[in-house]
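A short write-up of the structure that comes next.
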2 protein chains.
Amino acid sequence: MDSQQFYRITKALADPRRYEILSRIAKCRELACSDVRCDLPITAATLSHHIKELVNAGLVELRREGQFAHLKLRRKAWREYLSRLGKFKTAKF
Amino acid sequence: MDSQQFYRITKALADPRRYEILSRIAKCRELACSDVRCDLPITAATLSHHIKELVNAGLVELRREGQFAHLKLRRKAWREYLSRLGKFKTAKF
DNA sequence: CCTATAGTTAGATGATTATCTAAGTATCGA
DNA sequence: TCGATACTTAGATAATCATCTAACTATAGG
C-alpha cells in the first residue's frame, strides 16, 4: 500500500457518516446503495458522493447489475491499512 | 475508548502534516515542539494548532518545563485506537 | 410507451479547517 | 534589565468538503 492510498483511506474514514456507511457495507457480503441508505438521513446524491470516496480510496468494490450497484468491502485493502497503521514507528520506551 | 474520542483520533490522523508530526513524536521518548518543527515548512503557530488537536484527541501528552513543551505519544490511547479499528465488524465471508 | 426505481452528475451553499501574520506570555542567560 | 528563545492566541484567508436540489441516464415491469 503506497502513501497516497494510505492517506486516501485515512481521509475516507474521517467523516463519521462515511465511516458508518463503510461499516454497513462491511457487515454484509454485498449491499446495494439503496440498502445502505435505508434509514440514513441523507439524499441519494450524498450517498453517491460518499461511495465514490470509498471506492476511490480502494476500500470498496462496486459491481453493477441491472439497476443496482452492489457494494463490497475490499478486505485485502482493509487488512493492509490496519497492518500499516500497526507498523507506526512506536519506539519502545 | 468512547465514540467521541475514536472520531477525534480518526480526524486527527486525517491530515498528512499532522500525521507526520505525530509520527515524529512517536519515534522518541519525548520531544519538544521546536524539535518537532525543525525542517518542517510550517510556522510555530501552525504547529501549535496541530499539537492542540493531537492533545485534544488524547493521542499526545504535553509536559511543560521551563520554556519548553515536551510531547509524548500516549501509547495506551494508540493501542486502544488500533484495537477498536481491528474490531471493525468485518463479517467473515 | 409509461412510470417507477436506482443511481449519477453538476452546481450551489455553508461549515470546517490548515495556514499565515501579528501580537502576546513566559522563561532563560548575560 | 534586556534580548533571545519557546510557545500560544486571535483573527484573517483560502481551500476543502458534506450536503442539498435539480436534472440526468438507465433499467425493470406493466
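Chain letters run A, B, ... following the sequence lines, proteins first and then strands; every chain starts at 1.
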Checklist entry - Are OP1 or OP2 of C:dA18 and a side-chain N or O of B:Arg17 less than 4.0 angstrom apart? => result no
Checklist entry - Residues from residues 56-71 of chain B sitting under 4.0 Å of DNA chain D, heavy atoms only? => result B:Arg64, B:Gln67, B:Phe68, B:Ala69
Next on the checklist: Regarding B:Arg84 and B:Asp2, does a basic nitrogen lie under 4.0 Å from an acidic carboxylate oxygen?
Outcome noted: no
Next on the checklist: If you apply the rule side chain to side chain donor-acceptor pair (under 3.5 Å), what do you find for B:Ser48 with B:Lys52, and how did you get there?
Outcome noted: CA-CA 6 Å; B:Ser48 195; B:Lys52 203 195 290 179; over 6 Å; no
Checklist entry - Is any side-chain N of the basic residue among B:Arg63 and B:Glu61 closer than 4.0 Å to the acidic one's carboxylate O? => result no
Item to check | B:Tyr81 ring center within less than 6.0 Å of A:Phe88 ring center | outcome: no
Next on the checklist: Without decimals, in angstroms, what is the distance between A:Glu53 CD and C:dT9 P?
Outcome noted: 13 Å
Checklist outcome for this item: A:Leu31 CG to C:dA6 P, in whole Å, measures 13 Å
Next on the checklist: Within the 4.5 Å heavy-atom criterion, are B:Leu40 and B:Ile21 side-chain neighbours or not?
Outcome noted: yes
Item to check | Note, A:Ile9 side chain near A:Leu13 side chain (heavy atom, < 4.5 Å) | outcome: yes
Item to check | Close residues, residues 41-51 of chain A, relative to DNA chain D [heavy-atom separation under 4.0 Å] | outcome: A:Pro41, A:Ile42, A:Thr43, A:Ala45, A:Thr46, A:His49, A:His50
Next on the checklist: Quick check against the 3.5 Å criterion: does B:Thr10 have a side-chain atom that pairs as donor or acceptor with the backbone of B:Phe6?
Outcome noted: yes
Item to check | Heavy-atom closest contact (B:Ala12 atom, B:Leu54 atom, distance) | outcome: CB-CD2, 4.1 Å
Item to check | Side chains of A:Ile25 and A:Leu59 in contact at under 4.5 Å (non-hydrogen atoms) | outcome: no
Item to check | Closest non-hydrogen atom pair, B:Lys11 against B:Arg18 | outcome: O-NH2, 3.3 Å
Checklist entry - First contact, last contact: which nucleotides of DNA chain D are these for chain B, 5' to 3', heavy-atom distance under 4.0 Å? => result D:dT5 to D:dT9
